[in-house]
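Quick note on labels: first sequence line is chain A, next is B, and so on, each numbered from 1. Reckoned from all heavy atoms, side chains included, excluding hydrogens, waters and symmetry mates.
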Protein chains: 2
Amino acid sequence: MGSTQLEPVPEPKYWHLKTVLSDALDSEFAVGEILPNERELAARFGVARATLRQALEQLELEGRLQRRRGVGTTVAPPRMGVAVTDPEHSWPGAPGDAWQPVDAAEQTPPGAVARLLDMDPATSLHTVRRTRKTRGQPVATEVLYVPAAGVPGLAADAPPTGPARAHAVLRELQRLRLEGQDQAVELGSARADDAKQLDRLPGSPVLVVTTRYFSGGRTAAVAVATYRADTCRLTFGDATAPAVQLLAG
Amino acid sequence: MGSTQLEPVPEPKYWHLKTVLSDALDSEFAVGEILPNERELAARFGVARATLRQALEQLELEGRLQRRRGVGTTVAPPRMGVAVTDPEHSWPGAPGDAWQPVDAAEQTPPGAVARLLDMDPATSLHTVRRTRKTRGQPVATEVLYVPAAGVPGLAADAPPTGPARAHAVLRELQRLRLEGQDQAVELGSARADDAKQLDRLPGSPVLVVTTRYFSGGRTAAVAVATYRADTCRLTFGDATAPAVQLLAG
DNA sequence: CAGTGGTCTAGACCACATC
DNA sequence: ATGTGGTCTAGACCACTGA
């Protein structure tokens, strides 16, 4: 990163700065290495700190950098490939899925979820919270919504909250015939609680995966999963080429 | 949007501001309506313009707002659902696909693409550029990379560039047996040329979809598609539930 | 041309991690 | 206590759109 000054160019400074930094990351830094701090970098390139930060923000968005308050800015490893399609299109909680149940409760759904499930927003339903880790790092949180009508067999003496209840709800799901599923991916920003679990600041960019599970001719459950956009590459495999899919990480 | 002042809270101002604006969008504004300008809004909430802009940026990231230089800030319509899985897992260019060929050429691949195709980065290959529109709006650009070895039948007298060449390359692909495909989604920022085609500023957040096509036991083609993250929700359908898939828009 | 959002500056203070 | 990134301010000027 020998460059000390930016030559005048028509494009925005932060954009030019970004490409200069990006090249430097490729050629002069190793994964995990700490960059000079923001004030130092800004001075070195002769720009205001806010301008430098605009460049760093973009590089973080692209997964090239990781910034942590109180610590510093480090070079990020390549994004992890995380498989998003459930194995063999099975229910959440099936043996071998990557998620760990955290909690469960019974409550009324957010409006958007009620619409997806085509139900009265005032009706309460089962919610199961789960998290997912890859290589020890939390990569996603999820809330699974299951209308009570979908799992009538849930034991009346199941605990009202907690991991045990989560397991009980998931167990009931396995008894249903899964007829298909449906997924959508969009960009979002982390809510405060998700951010905490993902070890990020509120508002960090996340990839939101909405999955609908069909059973008995209707939508029997909806899962809303929130993945860290900086560290994750979501993979959608194809059963026709199973061998190659495994290389995607 | 009657609120004139922000009461002091422990959370960042821009975060609080975002939720206040978000509520106002739900209750007081219609899709397409123009908000007051940034200086006006900042004054109304008693914050600096930069702080207000931080809130607007997040709302734009979430697809709630659309900002256009010289015009103003408008309330965005709900995101469009765009199907990303090729119909019946067919080759690009098959009848009925949503893409329109723009151009084609022969050139050497970027390093990342060479790795995906497991080929020497110095070898040239066919590149086909395509775009995709939904409801008249450009939503994605794509570059398709096809190693020359994969389509040996390409007529020697095919035009060296232009849409006609694009069609010629796509036509050759149809002759191969497609054995499977593989997709990955990650967050990126728009390169200058993509941004122009998508009618956005360079650096805008985009969803990058990488598709690998398998034929003859190897990766026969790679497509890198860039979708506007603000307006698109990528849907991955399931053949088991075709009827529902159509509702996803 | 006037009005909009986009870029940029030079400061200040805060929240957090580490020693 | 020190040093980091995160938030915030009050300005300035630029690039673009549309009348």
Taking N or O atoms only and anything under 3.5 Å, show me the protein contacts with nucleotides 13-18 of chain D, one pair per line.
{"from": "D:dA15", "atom 1": "O4'", "to": "B:R69", "atom 2": "NH1", "distance (Å)": "3.3"}

Not counting sequence neighbours, which residues clear side-chain contact (heavy atoms from CB on, under 4.5 Å) with [X]? List them please.
X: B:V139; value: B:M80, B:R132, B:T134, B:C232
X: A:A223; value: A:E142, A:L144, A:T211, A:Y213
X: A:P110; value: A:V113, A:Y145
X: B:A164; value: B:P159

How long is the line joining [atom1] of [X] and [atom2] of [N], in whole Å?
X: A:L52; N: C:dA10; atom1: CG; atom2: P; answer: 14 Å
X: B:E11; N: C:dC16; atom1: CD; atom2: P; answer: 13 Å
X: B:H16; N: D:dC8; atom1: NE2; atom2: C1'; answer: 16 Å
X: A:R67; N: D:dT7; atom1: CZ; atom2: C1'; answer: 12 Å
X: A:E38; N: C:dC16; atom1: CD; atom2: C1'; answer: 14 Å
X: A:Q66; N: D:dG6; atom1: CD; atom2: C1'; answer: 16 Å
X: B:I34; N: C:dG3; atom1: CD1; atom2: C1'; answer: 12 Å
X: A:R200; N: D:dG6; atom1: CZ; atom2: C1'; answer: 12 Å

* **Within residues 54-64 of chain A: residues closer than 4.0 Å to DNA chain D (heavy atoms)** => none
Taking 4.0 Å as the cut-off, does a side-chain nitrogen or oxygen of [X] come that near to OP1 or OP2 on [N]?
X: B:R53; N: C:dG5; value: no
X: B:T73; N: C:dT4; value: no
X: B:Y14; N: D:dC8; value: no
X: A:N37; N: D:dT4; value: yes

* Structure fact -> Result for 5'-nearest mapping on DNA chain C, choosing between A:T51 and B:L201, is B:L201
* Structure fact -> In short, salt bridge (Lys or Arg N to Asp or Glu O under 4.0 Å) pairs touching residues 102-111 of chain B with sequence neighbours left out are B:E106-B:R165
For [X], all residues meeting side-chain hydrogen bond (donor to acceptor under 3.5 Å, both in side chains), sequence neighbours excluded:
X: A:T141; answer: A:D194
X: B:E38; answer: B:R49, B:R53, B:R67
X: B:T73; answer: none
X: B:R228; answer: B:D230

* Structure fact -> The bend of the helix from C:dC1-D:dG18 to C:dT18-D:dA1, taken between the axes of its five terminal pairs at each end and rounded to 10°, is 20°
* Judged by atom type as modelled, is there a donor-acceptor pair below 3.5 Å linking the side chain of A:R130 to the main-chain atoms of A:A166? -> no
* To do: Could you tell me whether a side-chain N or O of B:E40 sits under 3.5 Å from a main-chain N or O of B:N37, the two making a donor and an acceptor?
  => no
* To do: Quick one: sort the A:F236 and B:F236 rings into parallel, tilted or perpendicular, breaks at 30° and 60°.
  => parallel
